[in-house]
K.L.:
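The structure's right below; bear with me while I get my questions together.
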2 protein chains.
Amino acid sequence: MTTARRSDATRAAILEAARERFAADGYERATIRAIAREAGIDPSMVMRYYGNKEGLFAAASEIDLALPALGALPSRHIGAVLVNHFLDRWERDDVLTGLLRVGVTNEAGAARMQAVFEEQLGPVTLGVCPRPEEAPARAALVASQILGMALARYVLRLRPAVDMDRDELVAWLAPTVQRYLTAEKP
Amino acid sequence: MTTARRSDATRAAILEAARERFAADGYERATIRAIAREAGIDPSMVMRYYGNKEGLFAAASEIDLALPALGALPSRHIGAVLVNHFLDRWERDDVLTGLLRVGVTNEAGAARMQAVFEEQLGPVTLGVCPRPEEAPARAALVASQILGMALARYVLRLRPAVDMDRDELVAWLAPTVQRYLTAEKP
DNA sequence: TCCGGTAGTCAACGCTTGTTGGCCTACGCT
DNA sequence: AGCGTAGGCCAACAAGCGTTGACTACCGGA
């Protein structure tokens, strides 16, 4: 392993501040100056450690969805498990919100979001859906419902979506996801 | 009615260009200068006619979803009708895409999107769902699925979501929307 | 035919942005 | 103790932004 650098704390502070600003403001309005101010250092340090703004975003938007292996559990629960997992993941930190906010207006952000879902959600769906060639379409359907709810609840903050409690939300969404994954093609 | 002004053609050109740029770039990257260039006039004309950038966006994001009255048709078709209508509306022009792109990073855009769905989708759901007090939550659920698919298909351009054809898409989404509107609370 | 107001251009303003290079400081190894 | 170097700050840059005000051209009614 590489030896710990003296600057690791600063690098981490920058990354944390960057995630916060990207999540709150999106790509353009999250300025390097604001990120540096929040991290308590000079803007030029950001450039030194991450090259440029794009590089900073690339580093700040690295994420592991840590999706569970669905094959092991009773197939009629996978909808609920998946929805719960995503809601947890969305509320733990700002990374997914940032990814969504940036992906909508920034080419690189959209590409990153595409890659995350293809590489991490794709394999999971492949394991549980009836015909493997349908897996990508089913994954996209699941993504549409998950992303849509995240958009309504965490980004646009539509009142009823924010007010619904967790159980209610899962009770509504789980059957949808379940059907997208396991039902016969309609 | 107000008499036609000589400048109406210019005003319309500005609005058209603005919708295009907002839809393609979002709020910050859609510059007044670029909009003016696309409309073939000077940037200062935009200010003259719409006051400032916010005013321009307000004018460019006015939209009538023109949702059909669902009460009149057999209740088992309302899912399909609604999904089809939204897909049509999304593909006819850039306004909804612009609203979505701007709403994600801009406070005023988010408020506008909130208002559009509350005022136009709200009443429609009220007419078809079992208990009126559940209408807002059901409307939000429908919005989450519709917006999520629009996001995946028209904004993030996730491959499988783009490649699915219309009939397939409707076949998958219609039952979801149908259930959110008419099924008993789970 | 004159004349007022509308349509439009032009040049500039103040500000913020990403990014750069030079300079200082202080840690940690020998 | 001395010194190289990594960590950090400061000041400035060019470019682009929204916005403003002064100025010109021209159409239409009197």
K.L.:
Provide, to the nearest angstrom, the distance between the CG atom belonging to A/L56 and the P atom belonging to C/dT17.
P.N.:
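Value for this atom pair: 15 Å.
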K.L.:
When you measure from the side chain of B/R21 to the backbone of B/A30, do you find a donor-acceptor pair of N or O atoms at a distance under 3.5 Å?
P.N.:
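Looks like no, no N/O pair under 3.5 Å.
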K.L.:
Test the A/R11-A/Y49 pair against the cation-pi criterion, namely NZ or CZ under 6.0 angstrom from the six-membered ring centroid and within 45° of the ring axis.
P.N.:
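Yes.
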K.L.:
Nucleotide range of DNA chain D contacted by chain A, 5' to 3', under 4.0 Å to a heavy atom?
P.N.:
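Terminal contacting nucleotides, 5' to 3': D/dG7 to D/dA12.
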K.L.:
Using modelled atom types only, decide if a donor and an acceptor are shared between the side chain of B/R29 and the backbone of A/T105 within a distance under 3.5 Å.
P.N.:
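Answer holds: yes.
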K.L.:
How many Å lie between CD on A/E28 and C1' on C/dG18, as a whole number?
P.N.:
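The distance from CD of A/E28 to C1' of C/dG18 comes to 12 Å, rounded to the nearest Å.
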K.L.:
Between A/I41 and A/R33, name the one whose nearest nucleotide on DNA chain D is closer to the 5' end.
P.N.:
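That would be A/I41.
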K.L.:
For the pair B/R19 (side chain) and B/V95 (backbone), establish whether a donor and an acceptor sit closer than 3.5 Å, ignoring hydrogens and angles.
P.N.:
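The answer is no, because no donor-acceptor pair under 3.5 Å joins these two groups.
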K.L.:
Scan side-chain atoms only and decide if B/N106 and B/R112 contain a donor-acceptor pair under the 3.5 Å cut-off.
P.N.:
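No - no donor-acceptor pair under 3.5 Å links their side chains.
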K.L.:
Name every residue in residues 10-22 of chain A that has at least one heavy atom under 4.0 Å from any atom of DNA chain C, in order of residue number, or write none if there are no such residues.
P.N.:
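Nothing qualifies; none.
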K.L.:
So, A/Y180 versus A/T125: side-chain donor-acceptor pair below 3.5 Å or not?
P.N.:
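Their side chains do not contain a donor-acceptor pair, so the 3.5 Å distance test is not met.
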K.L.:
Report yes if some heavy atom in the side chain of A/L82 is under 4.5 Å from a heavy atom in the side chain of A/L181; otherwise report no.
P.N.:
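Yes. Closest side-chain heavy atoms under 4.5 Å.
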K.L.:
Report, as a single string ordered 5' to 3', how protein heavy atoms within less than 4.0 Å touch nucleotides 21-30 of chain C: B base, S sugar-phosphate only, - not at all.
P.N.:
B-----S---
K.L.:
Starting from C1' on C/dG18, measure out to CD1 on A/I35 and report it in whole angstrom.
P.N.:
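Taking atom C1' of C/dG18 as the reference, CD1 of A/I35 is at 12 Å.
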K.L.:
For residues A/K53 and A/Y27, determine if any side-chain heavy atom of one lies less than 4.5 Å from a side-chain heavy atom of the other.
P.N.:
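In contact.
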K.L.:
Is it the case that the side chain of B/R138 and the backbone of B/P132 share a donor-acceptor pair, with hydrogens and angles ignored and the cut-off at 3.5 Å?
P.N.:
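No, because the side chain of B/R138 does not come within donor-acceptor range (under 3.5 Å) of the backbone of B/P132.
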K.L.:
Who pairs with A/R37 by side chain to side chain donor-acceptor pair (under 3.5 Å), at least two apart in sequence or on another chain?
P.N.:
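Per chain and number, A/R37 pairs via side chain to side chain donor-acceptor pair (under 3.5 Å) with no residue.
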K.L.:
Scan side-chain atoms only and decide if A/Q145 and B/S144 contain a donor-acceptor pair under the 3.5 Å cut-off.
P.N.:
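Yes, B/S144 and A/Q145 have a side-chain donor paired with an acceptor closer than 3.5 Å.
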K.L.:
Atom CE of B/M47 and atom C1' of C/dC13: how far apart are they, to the nearest Å?
P.N.:
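Interatomic distance, CE of B/M47 to C1' of C/dC13: 13 Å.
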K.L.:
Going by heavy atoms in the side chains, are A/L158 and A/R153 under 4.5 Å from each other?
P.N.:
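A/L158 vs A/R153: side chains apart.
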K.L.:
Using heavy atoms to find the nearest nucleotide of DNA chain C for B/P43 and A/K53 separately, return the residue whose nucleotide is more 5′.
P.N.:
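Whichever sits nearer the 5' end wins; that is B/P43.
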K.L.:
Return no unless some side-chain N or O of B/S7 is found under 4.0 Å from OP1 or OP2 of C/dT6.
P.N.:
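So the side-chain polar atoms of B/S7 never come under 4.0 Å of the phosphate oxygens OP1 or OP2 of C/dT6.
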K.L.:
If the condition is side chain to side chain donor-acceptor pair (under 3.5 Å), which residues does B/Y50 pass it with, not counting sequence neighbours?
P.N.:
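Testing B/Y50 for side chain to side chain donor-acceptor pair (under 3.5 Å), a comparison that skips the adjacent residues, returns none.
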K.L.:
Round to a whole Å and report the spacing from CD1 of A/I32 to C1' of C/dT20.
P.N.:
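My rounded result for the distance is 12 Å.
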K.L.:
At what angle, to 10 degrees, do the two end axes of the helix from C/dT1-D/dA30 to C/dT30-D/dA1 meet, given five pairs define each axis?
P.N.:
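For the helix from C/dT1-D/dA30 to C/dT30-D/dA1, the axes at opposite ends meet at about 0°.
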